[in-house]
Structure formats: structure tokens, C-alpha cells
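Inspection log for the structure reproduced underneath, given as C-alpha cells.
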Amino acid sequence: MATMADVARRAGVSVATVSHVLNETRPVLPGTREAVLEAIDALGYTHNTLARSLVTARTRSIGLAVSATSNPYFTEILRGVEAGALEHGYGLLVADPHDDPVHERKAVQLLHERRVDGLIVAASAEPGAMIDYLTRHRVPAVFLDRLVGDAHDQVGADNAFHVEQLVLHLAELGHTRIGLVAGAPGLSTTDERTAGYRAGLRRRGLPFAPELLAGGDSEADGARAATHRLLAAARPPTALVTGNNAMTIGALRALEEAGLGVPDDMALVCFDDFSWGDVFSPRLTAIAQPSREIGATAVRLLLDRLEDPARPPRTVRLPCAFVHRTSCGCAPSPSPT
């Protein structure tokens with residue numbers, strides 16, 4: 001097995017120079033760095049990351065605590081985090097807190113005890129105990145999707161603006177009774193998307209009707225029940241906005257059970273696009289979040305925090321895309337010629 005001394009001899013440099021290239025502890029001239037990297041490749045040298053971590057107190061690993069990893073949205077975020085971490089030479093450890101505050105606190109502690117250099121977290125609706133742990137132990141952390149306040153580094157979509165877009169689009173199509181299937185209470189995404197819904201109604205001069213807002217608990221079964229409640233109103237909605245992709249599935253099931261077609265009987269638009277949204281019948285009009293970019297941005301924020309622990313916290317809002325299809329009741333877009 002090749003050693004660091006073997007690499008140094010082949011590259012014609014000192015062992016200290018090889019160490020500086022591997023550990024990035026001191027600038028090295030580009031030509032010298034290239035010679036060291038070529039020697040490493042030729043000899044098949046494997047750097048001892050564990051030994052390095054004992055010297056630098058860094059493991060070059062990141063912890064990711066995110067619930068619902070079976071949800072396509074979070075799966076894409078995970079891919080963005082993983083790609084960003086690998087690009088910068090970091091490994092990734094993943095834990096699923098199951099959106100449970102007690103489990104979340106334990107998951108974060110478990111990742112911390114694995115000596116990750118920092119954490120990326122999609123917080124639960126009650127993140128207090130988890131945040132207390134991170135603060136007490138001075139763990140560098142970035143929050144994604146579900147934001148927790150300006151005192152922390154965080155990245156997410158511009159939720160309110162884009163739900164307002166959906167409501168305005170439905171209103172422009174003539175709908176005055178627009179329902180919202182909202183997410184789990186306590187999540188920043190739920191609060192922001194609900195605020196966007198109400199802002200859209202105000203901009204069109206439509207009154208907010210409490211009976212047209214139903215909580216779907218951010219999952220399919222909850223949204224199915226919520227949609228049935230909306231349909232049971234004395235004056236049910238003629239159009240629905242669903243707050244995430246899982247709830248869109250539940251709403252569609254409820255509408256089918258009620259014998260209602262989309263969009264003929266009920267217009268439907270959703271926050272969160274599906275990779276298969278274009279093959280649904282009808283094709284789903286949706287807000288597509290930049291999932292992978294959210295994950296990659298979280299990595300960049302965390303690495304910046306590791307580089308400069310004293311810098312002010314940042315909140316990054318990323319724009320989404322309005323994907324106009326047919327479930328809203330609009331005619332299909334003409335095919336390109």
C-alpha cells in the first residue's frame with residue numbers, strides 16, 4: 001500500500017507538501033499541486049481521513065436530517081445536498097427524524113456524535129428542543145425548506161409569492177370560490193403558503209372564507225379528508241390549491257370518490273411539481289420548486305459557516321417555476337412545430 005512518503009518521492013516534493021495538498025492547510029503552487037495529485041493517482045494512494053480528522057478536528061462529513069425521504073421533493077433535495085457535498089470533498093450521513101420533535105432531537109444528536117462538521121436540517125413543526133441542542137453544543141447548522149427564523153442560516157422557496165400566483169391564475173379564469181388544502185400546522189411552509197393564498201384573494205378583491213381552508217396535514221390521507229370537508233361546505237369551492245405534492249394525490253382521490261372530474265367539475269393547481277405531472281390526466285398545473293438547488297445552496301451556506309463562524313446568518317429564497325398545464329381548466333398549449 002502506497003504511503004505519503006511514496007507520493008512525496010514520486011512527485012519530488014517533501015512529505016509536508018503532500019500533507020498541505022491533501023489537507024488544504026497551506027497554499028501550494030499549482031504546478032506542485034498537480035504533480036502531487038498525479039503521483040497520488042499513479043500510486044493509488046488513499047488518504048487516511050480518520051487520522052486527518054484527529055489532527056484537524058474535522059471529518060469532512062455533513063449530517064442531513066430530513067423527514068419523508070420517500071417524498072420525491074425531499075429525495076431531490078437529498079440529491080442536491082449529496083452532489084454539493086461530494087463536489088467539495090465531503091461525505092454525507094443521513095437521518096430521518098419522521099417529523100417528530102422528540103425523534104428529531106435524537107437524530108440531530110446522533111449525527112453530531114458521529115462527529116460531522118455541520119448539519120443541514122429540515123425542521124419539524126416544533127423544533128425548539130433540536131435548536132436548543134444545536135445552540136448549546138455550538139453545532140454549525142443550516143435549515144432548509146422549513147425555516148426557523150433569521151438567527152440561522154437557511155434556504156427555501158419563495159412560498160407565499162408562488163401560491164399567490166396560483167390563486168391569481170384561478171381568479172383570472174373566473175373562479176371566486178377557491179379552496180386551499182394546507183399543510184401541517186406549525187411548519188413555516190404551511191404558514192407562508194397560506195399567507196400567499198390569502199394575499200391572492202385580497203389582490204382580486206375576493207373575501208377570505210374560513211370554510212374554504214382545510215388542513216391536510218402535509219400528507220395524502222389528510223388531504224383526502226380535507227378535500228371531502230371542503231366539498232361538504234354549503235357553497236363548495238369550484239377550484240382547489242393543494243399545498244404540496246403528497247396532498248395533491250389525496251385531493252385527487254377525494255375528487256374521484258365524489259364523482260368529480262378535473263378540471264370540468266373542479267379546477268386544481270398544486271404547489272410542488274411531480275416528475276410525472278405532465279403524464280397525469282389531466283396534466284397538472286403546478287409550482288415547481290428548485291429542489292436540487294435548495295440542497296446545493298444549503299451545502300454552500302454550511303461550508304461558508306464553517307469557514308467563517310462569526311459571519312452574520314443568511315436567509316436565501318429561491319424562485320420557483322410556474323408550470324402551466326391543463327388541470328386548471330386552460331386549453332392545452334399548442335405542440336411545437
Please check if [X] and [Y] belong to a single hydrophobic cluster, counting links between Ile, Leu, Val, Met, Phe, Trp and Tyr side chain heavy atoms closer than 4.5 Å.
| X | Y | value |
| --- | --- | --- |
| Ile294 | Val94 | yes |
| Leu303 | Leu111 | no |
| Met247 | Met266 | yes |
| Leu318 | Leu301 | yes |
| Val269 | Leu230 | no |

Quiz item: Can you name the one residue among Arg105, His112, Lys106 that meets side chain to side chain donor-acceptor pair (under 3.5 Å) with Gln109?
Solution: Arg105
How far does [atom1] of [X] sit from [atom2] of [Y], to the nearest 0.5 angstrom?
| X | Y | atom1 | atom2 | value |
| --- | --- | --- | --- | --- |
| Ile120 | Ile62 | CD1 | CD1 | 5.0 Å |
| Ile287 | Glu164 | CD1 | CD | 11.0 Å |
| Glu104 | Asp99 | CD | CG | 8.0 Å |
| Tyr197 | Leu213 | OH | CG | 6.0 Å |
| Phe271 | Leu180 | CZ | CG | 11.5 Å |
| Leu93 | Leu119 | CG | CG | 9.5 Å |

Practice problem: Decide whether His162 and Gln165 meet the rule of one side-chain donor and one side-chain acceptor closer than 3.5 Å. | Solution: yes
Quiz item: Distance only, no hydrogens: is a donor on one side chain within 3.5 Å (strictly under) of an acceptor on the other, for Gln289 and Asp272?
Solution: yes
Please tell me if the side chains of [X] and [Y] come closer than 4.5 Å, counting only heavy atoms from C-beta onward.
| X | Y | result |
| --- | --- | --- |
| His20 | Val36 | no |
| Asp273 | Arg325 | yes |
| Glu172 | Arg204 | yes |
| Cys330 | His324 | yes |
| Leu306 | Tyr90 | yes |
| Leu166 | Leu170 | no |
| Asp217 | Pro185 | yes |
| Ser327 | Leu284 | yes |

Quiz item: For Glu257, which residues count as a side-chain contact (heavy atoms from CB on, under 4.5 Å) partner, sequence neighbours excluded?
Solution: Arg224, His228
[X] atom [atom1]: more than 12 heavy-atom contacts under 6.0 Å:
| X | atom1 | value |
| --- | --- | --- |
| Arg198 | CZ | no |
| Glu126 | CD | no |
| Arg203 | CZ | no |
| Arg235 | CZ | no |
| Asp265 | CG | yes |

Quiz item: Looking at Arg177 and Glu211, does any basic side-chain N land under 4.0 Å from a carboxylate oxygen?
Solution: yes
Quiz item: Is any side-chain N of the basic residue among Asp153 and Arg311 closer than 4.0 Å to the acidic one's carboxylate O?
Solution: yes
Exercise: identify the closest heavy-atom pair between [X] and [Y]:
| X | Y | value |
| --- | --- | --- |
| Thr194 | Ala182 | OG1-CB, 4.0 Å |
| Val167 | Ile178 | O-CD1, 3.9 Å |
| Gly156 | Leu147 | N-CD2, 4.2 Å |
| Arg229 | Ala214 | NH2-CB, 4.1 Å |
| Leu231 | Pro236 | O-CB, 3.7 Å |
| Arg146 | Ala123 | NH1-O, 2.8 Å |

Quiz item: In a check of side chain to side chain contact (heavy atoms under 4.5 Å, CB included) between Val81 and each of Leu302, Val66, Leu144, which one passes?
Solution: Leu144
Quiz item: Please walk me through it: do Leu240 and Val262 pass side chain to side chain contact (heavy atoms under 4.5 Å, CB included)?
Solution: CA-CA 10 Å; Leu240 284 181; Val262 176; over 6 Å; no
Any donor-acceptor pair under 3.5 Å from [X] side chain to [Y] backbone:
| X | Y | value |
| --- | --- | --- |
| Arg317 | Ala157 | yes |
| Gln154 | Gly149 | yes |
| Thr190 | Ala184 | yes |
| Arg60 | His88 | yes |
| Arg314 | Val155 | no |
| Asn159 | Thr189 | no |

Quiz item: Hey, mind stepping through Ile131 and His152 against side chain to side chain contact (heavy atoms under 4.5 Å, CB included) and telling me if it holds?
Solution: CA-CA 10 Å; Ile131 293 174; His152 304 275; 3.9 Å; yes
Quiz item: For Arg10, what residues pass the side chain to side chain donor-acceptor pair (under 3.5 Å) criterion, not counting sequence neighbours?
Solution: none
Quiz item: Among all residues two or more places apart in sequence or in another chain, which pass the side chain to side chain donor-acceptor pair (under 3.5 Å) test with Arg253?
Solution: none
Quiz item: Using 30° and 60° as the class limits, which term best fits the ring planes of Tyr133 and His137: parallel, tilted or perpendicular?
Solution: tilted
Quiz item: Are His169 and Phe322 close enough, and set up right, to give a side chain to side chain contact (heavy atoms under 4.5 Å, CB included), and what steps lead you there?
Solution: CA-CA 10 Å; His169 181 64; Phe322 186 100; 4.0 Å; yes
Practice problem: Start with the C-alpha gap between Val142 and Arg305, add the side-chain angles, then the distance that decides, and say whether side chain to side chain contact (heavy atoms under 4.5 Å, CB included) holds. | Solution: CA-CA 9 Å; Val142 172; Arg305 174 61 57 194; 5.5 Å; no
